[in-house]
Every structure is written in C-alpha cells, then in structure tokens.
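Note sheet for the following structure.
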Amino acid sequence: MKAGKLVKRAASILLFFLIMAVSAFAQFPDPTGYVNDFAGVLDSSSRKEMEQFISALQRETGAEIAVVTVKSLQPYDSVEEYAVDMAETWDIGEEGKDNGILILLAMEERKFRIEVGYGLQGIIPDGLAG
C-alpha cells in the first residue's frame, strides 16, 4: 500500500474513533438536580424525598450523590463504562475532592451501578458499593 493511501486510511480510522468518542459524551443530558429520572420510572413523591435526603446529606458532609435512571445504556456495551463516562462528564462532587457518587439504573438492560469518587473510597469501598 502506498504511503498516501496509508495516511488517508489512518486519518479515516482516527476520525471514526473521534466521532464515536464525541457522540458517547454528547449523549448524556444535562442533570436536572440530584435525582434525574430520564427513564420516567419514579413517582414525584419518591423523587422529592430522595432530593431532600441527598440535599441534607450534601450540606452535612459535602458529598454529592446523583441518582440517574436511563431507558438504555446504548451505545455503551457495559453499565460500568456508561457510569464512569457519565460521572466524569457531569463532574459529580466537590472540585478537587472527588467526593461524588453516581447511582445509575438502566431499565432496558436491568442493570445498575454505583460509581464512587476516589475521595469517598475510604468510606464506601468498591466491595460495599458493589
């Protein structure tokens, strides 16, 4: 294969992966509060109660919790990847403290994930969160 064709092919592959990465990050809607029911499965009373609890917890501890329901994980293959990307995109927790928790529920796949920031690993280790 000639060098020119090789460069064009490499550029095409790189462009494809860049588009995939941008579309993965672009898929997350903006958070609407502590409780984000994008799947529409929570009643207003439950949502309000969770919002109040999380707000009080944040005032007392500084830790921030985001509860998120989604219809599907697509285009992601795993709940772990989706949760990590969402937590990083939303930047849950206080800046510099990494003290956020994401509780993600994917309805179609019937999967959930609790993603804990490094600043809370001593209090909520992976074994406990899992």
Check this for me: [X], atom [atom1], are more than 12 non-hydrogen atoms of other residues, nucleotides or ligands nearer than 6.0 Å?
X   : atom1 : answer
D77 : CG    : no
F53 : CZ    : no
E81 : CD    : yes

So, taking the atom named [atom1] in [X] and the one named [atom2] in [Y], what distance separates them when rounded to the nearest 0.5 Å?
X   : Y    : atom1 : atom2 : answer
I65 : I101 : CD1   : CD1   : 4.5 Å
N36 : L104 : CG    : CG    : 10.5 Å
S45 : M50  : OG    : CE    : 9.5 Å
D91 : E64  : CG    : CD    : 8.5 Å

Shortest non-hydrogen separation from [X] to [Y] and the atoms involved:
X   : Y   : answer
V35 : R47 : O-NH2, 3.0 Å
P29 : W90 : O-NE1, 3.0 Å
V67 : I54 : CG2-CD1, 3.8 Å
D30 : F38 : O-CZ, 3.7 Å

Judged by atom type as modelled, is there a donor-acceptor pair below 3.5 Å linking the side chain of [X] to the main-chain atoms of [Y]?
X    : Y    : result
N99  : E94  : yes
S72  : E108 : no
E109 : L73  : yes
E51  : Y34  : yes
D98  : E95  : no

Could you check whether any side-chain heavy atom of [X] comes within less than 4.5 Å of a side-chain heavy atom of [Y], counting everything from C-beta outward?
X    : Y    : result
I92  : E115 : no
I103 : F112 : no
V84  : E80  : no
V68  : F28  : no

